[in-house]
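What you see is a predicted model; the values in this text were computed from it and never measured.
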Amino acid sequence: MNSNNSVSLIEQLPKIIAQGKKEAQRILDSLSKNTKITLQTNELVLPSKDTSGLFKGRIREVDKREWFNRLIYGDNLLAMQALLAGNHITPSMRGSIDLIYIDPPFDSKADYRTKITLPNVKKGDGEETTIEQKPTVIEQFAYSDTWKDGTASYLRMMIPRLVLMRELLAENGSIYVHCDWHVGHYVKVLMDEIFGAENFMNEIVWVYSGATSPGMRIFARRHENIFWYTKSNDYIFEADRIRQEYSEASKRMAGRRKIFHHGREPVVIQLSERGKFPEDWIYIPTGVAMISEQVNFTTQKPEALLKRIILASSNPGDIVADFFAGSGTTGAVAEKLGRKWIMCELGKPACMITRKRLIDQDIKPFLYQAIGDYQKEQFEKSQFRRIGDLAHVVLNLYGALPFPQQNGTLNNLGYIKQSKTLVFVDSPTKMTGYNTLKKAQELRYRFMGGWNKIVVLGWNFVSDISQIITSLNDDKLEVLVIPPDLLDKLKSKTSYEKLIKTGKLRFSSLQYLTIKPITKREYDKDNYELTIELDNYVLLSPDALPLDEKNKEKLQKVVSKDPLSLIEYWSIDPEYDGEVFRSKWQDYRENIANNNDPLRVIKKAKLIIPKDGKKRKICVKAVDVFGFESVAIAEVI
């Protein structure tokens, strides 16, 4: 599919490549500016998934001295900018990554919906309720941009990302790009242009078995392509590791037949006298054969595939990166093989699956990070030159009137005349927190003689915003979320006018978590036992969720009966310092080490802490099945 039917994709390709390179150069030129993209550390995950107590290992500081593996949630273009720019904790990673493997989306018609299974709270209706979630608004716009004009849009998306990957790659590094028949031939052309045809090493054809289904009018598509490029002629490649890895297995299989089952079709392979398979890259376990590593992710790749790539093209201690991480196979395998890793993924469900998978693997501590400036980046790309202009648009969409521009009048302030309500719009470049809400309260008291109520509309919020709102205990202060896709919807005047006309814009309330009073008892002469128990969870307004009406109804039934069943993952930092959340204990759905219910987390944790006389700030973080996070904080003396 082409954006212009009169011009073929081949004719458009030079322009697409030039535009992509220009965008990449703009990004590289901006790295030294003060407005550079940063990564926020959402959580230092210290795997400890059972009720036996806290993380037992050494807890390191998040600073320059030691390496932490990273799982990054967000747009990989922004994540790579942050990695190239560096910050006060992590220096620039330009030329530091030894191996990159990516498995970008292949197909414009792919179904990105996620199925969420919740416990059924109504007797007689079975044991489970399945809700089908569309991609989040941020994901939806990313996917629609990727495939807006078919393959042309896809290539525009890939070019600047590949250029940044080249900048991150070490001089002796390799990159493996996994494609299929949809776009592989075009991606090969891009790779020749960006990495150089002279650095093209192999087209690896990964074949998997299966019969052609009845009624099909084509030969079954049973292979995928992996393009291997290096950055220079001085690259890592250790074929002997692959031979050694499989030699023992080959000896055991010598002279025998090997039967592989793919669905109902058995495939019989006669091994050579030395027990060799006919080709190195054939018969990597798929389907039922990889059941032990399945994490319920449609495009999950076998660990054996990544194992061969990582063994061959990196050394122990090297850094391996995957910027389309999916279910996290690259990081899981890199960890097992003694490599460092960085993974980035835009899909929130995929990030949640990956985090649980890594904890299940009982790996070393790692950072879970996010793009800290997503709305800021969107604002800088938007048509708005001034934040005040955007604030006026938000006020109009909320149904408020901006104040006339006079000396001393804030341009992000409006009012609803009939109810004497003041409306304050925070900036997309800021995090709405305590100082913003205190400022809003002052405005309600003093501005133009006082108002009955003030509504704060925010884009980004500090992690403990619900705790702050609770502590202020002000029923004349309301805090609402500006839809995260609004800047995308305001890309044209027509879309803005349509929003005004239809009024189809929902400003939702914040979700929040509450915990029961923490109890403390003497455990032994040196330690106390803390009991921390979840109390309630209030979800965002269903209108803010990517669900159709039928699925909203299903969700509402679960919410009304058992709101805590929406918790996907919760974790505890019993010594929260207000800066880095150190997840020293965690539980999550499908973890049956703590209970036998795969659809619910346990609601109570008992932690052993030393009698050190400190006043402790206990921080509890919960993530719901839709990926929204909430924090509750309590002090224990």
side-chain contact (heavy atoms from CB on, under 4.5 Å) for Val559 and Leu566? Distances and angles first, verdict last. CA-CA 8 Å; Val559 167; Leu566 296 177; 3.5 Å; yes

- Phe581 and Lys621: CA distance, side-chain angles, deciding distance, side-chain contact (heavy atoms from CB on, under 4.5 Å) verdict: CA-CA 9 Å; Phe581 178 86; Lys621 179 180 287 189; 3.7 Å; yes

Can you list the steps and then say if Glu635 with Arg616 is a salt bridge (charged side-chain N to carboxylate O under 4.0 Å, His left out)? CA-CA 6 Å; Glu635 287 191 344; Arg616 291 172 176 268; over 6 Å; no

Exercise for the section: Start with the C-alpha gap between Tyr576 and Ile618, add the side-chain angles, then the distance that decides, and say whether side-chain contact (heavy atoms from CB on, under 4.5 Å) holds. Expected result: CA-CA 6 Å; Tyr576 184 52; Ile618 312 294; over 6 Å; no

Practice prompt. For Arg357 and Glu303, run salt bridge (charged side-chain N to carboxylate O under 4.0 Å, His left out): C-alpha distance rounded to whole Å, both residues' side-chain angles, the deciding distance at 0.1 Å, then the answer.
Written response: CA-CA 13 Å; Arg357 178 181 188 173; Glu303 290 192 6; 3.1 Å; yes

Given Val631 and Leu513, is the side-chain contact (heavy atoms from CB on, under 4.5 Å) satisfied, shown in steps?
CA-CA 6 Å; Val631 167; Leu513 174 78; over 6 Å; no

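A donor-acceptor pair is defined here as one N or O able to donate and one able to accept, closer than 3.5 Å; such a pair exists between the side chain of Ser92 and the backbone of Arg94. A donor-acceptor pair is defined here as one N or O able to donate and one able to accept, closer than 3.5 Å; no such pair exists between the side chain of Ser571 and the backbone of Trp585. For Asn551 (side chain) and Lys554 (main-chain N/O), no donor-acceptor pair under 3.5 Å exists by modelled atom type. The closest donor-acceptor contact from the side chain of Thr117 to the backbone of Thr130 lies at 3.5 Å or more, if one exists at all. Put simply, the side chain of Ser471 gets close to the backbone of Ile468: a donor and an acceptor are under 3.5 Å apart. When atom types are taken as modelled, the side chain of Asn76 and the backbone of Ala79 share no donor-acceptor pair closer than 3.5 angstrom. In this structure, the side chain of Asn460 does not engage the main chain of Met431 through any donor-acceptor pair within 3.5 Å. The backbone N or O of Thr470 sits nowhere less than 3.5 Å from a side-chain atom of Asn473 that would complete a donor-acceptor pair. With hydrogens and angles ignored, the 3.5 Å screen pairs no side-chain donor or acceptor of Lys614 with any backbone N or O of Ile637. Side-chain atoms of Glu590 never come within 3.5 Å of backbone atoms of Leu599 as a donor-acceptor pair (strictly under, hydrogens ignored).
Counting only heavy atoms from C-beta outward, the side chains of Phe628 and Tyr537 approach each other to under 4.5 Å. Considering only heavy atoms from C-beta on, Leu534 comes within 4.5 Å of Val620 through its side chain. Between Val320 and Tyr101, every side-chain heavy-atom pair lies at or beyond the 4.5 Å cut-off. Side-chain contact check for Leu437 versus Ile465: some heavy-atom pair is nearer than 4.5 Å.
Taking 4.0 Å as the cut-off between side-chain N and carboxylate O, Lys604 and Asp587 do not count as a salt-bridged pair. A salt bridge is absent between Lys340 and Asp318; no separation between the charged side-chain nitrogens and carboxylate oxygens falls under 4.0 Å. Residues Glu549 and Lys552 are paired through a salt bridge, judged by an N-O separation under 4.0 Å between the basic side chain and the carboxylate. Between Glu529 and Lys520 there is no salt bridge, since none of the side-chain N atoms of the basic residue sits less than 4.0 Å from a carboxylate O of the acidic one. Taking a cutoff of 4.0 Å between a charged side-chain nitrogen and a carboxylate oxygen, Arg339 and Asp98 do not qualify as a salt bridge. A salt bridge does not link Glu533 with Lys603: none of the charged nitrogens is closer than 4.0 Å to a carboxylate oxygen. A salt bridge links Glu522 and Lys611; the closest N-O separation between the charged side-chain nitrogens and carboxylate oxygens is under 4.0 Å. A salt bridge links Lys584 to Glu575: one of the charged nitrogens lies within less than 4.0 Å of a carboxylate oxygen. Comment: Arg600 engages Asp562 in a salt bridge, judged by a side-chain N to carboxylate O separation of less than 4.0 angstrom.
A cation-pi arrangement is not found for Arg70 relative to Phe366, the charged atom failing to lie both closer than 6.0 Å to the ring centre and inside a 45° cone about the ring normal. Judged by a 6.0 Å distance limit and a 45° cone about the ring axis, Lys348 is not positioned over the six-membered ring of Phe626.
Residue Met352 comes nearest to Asp624 through the heavy atom pair CE-O, 3.5 Å, listed as atom of the first residue, atom of the second, then distance. When all heavy atoms of Ser174 and Tyr176 are compared, the pair lying nearest together is CB-CE1, 4.0 Å. Trp341 and Ala334 make their closest contact through CB-CB, 4.1 Å (heavy atoms, listed as atom of the first residue, atom of the second, distance).
Residue Lys430 places its NZ atom among 12 or fewer non-hydrogen atoms of other residues, nucleotides or ligands, all under 6.0 Å distant.
Once rounded to the nearest 0.5 Å, the distance linking NZ of Lys606 with OG1 of Thr531 reads 3.5 Å. Atom CG of residue Leu530 and atom CD1 of residue Ile609 lie 3.5 Å apart, to the nearest 0.5 angstrom. Within the model, atoms CD of Glu345 and OG1 of Thr354 stand 7.0 Å from one another, a figure rounded to the nearest 0.5 Å. Between the CG atom of Asn69 and the CG atom of Leu358 there is a distance of 9.0 Å, given to the nearest 0.5 Å.
With sequence neighbours excluded, no residue forms a ring-ring contact (aromatic ring centres under 6.0 Å, His included) with Tyr569.
Remark: the Glu629 side chain and the Asn42 side chain contain an N/O donor-acceptor pair separated by less than 3.5 Å. A side-chain donor from one of Thr432 and Asp426 sits under 3.5 Å from a side-chain acceptor of the other.
In this structure, Tyr588 has its ring center no closer than 6.0 Å to that of Trp570.
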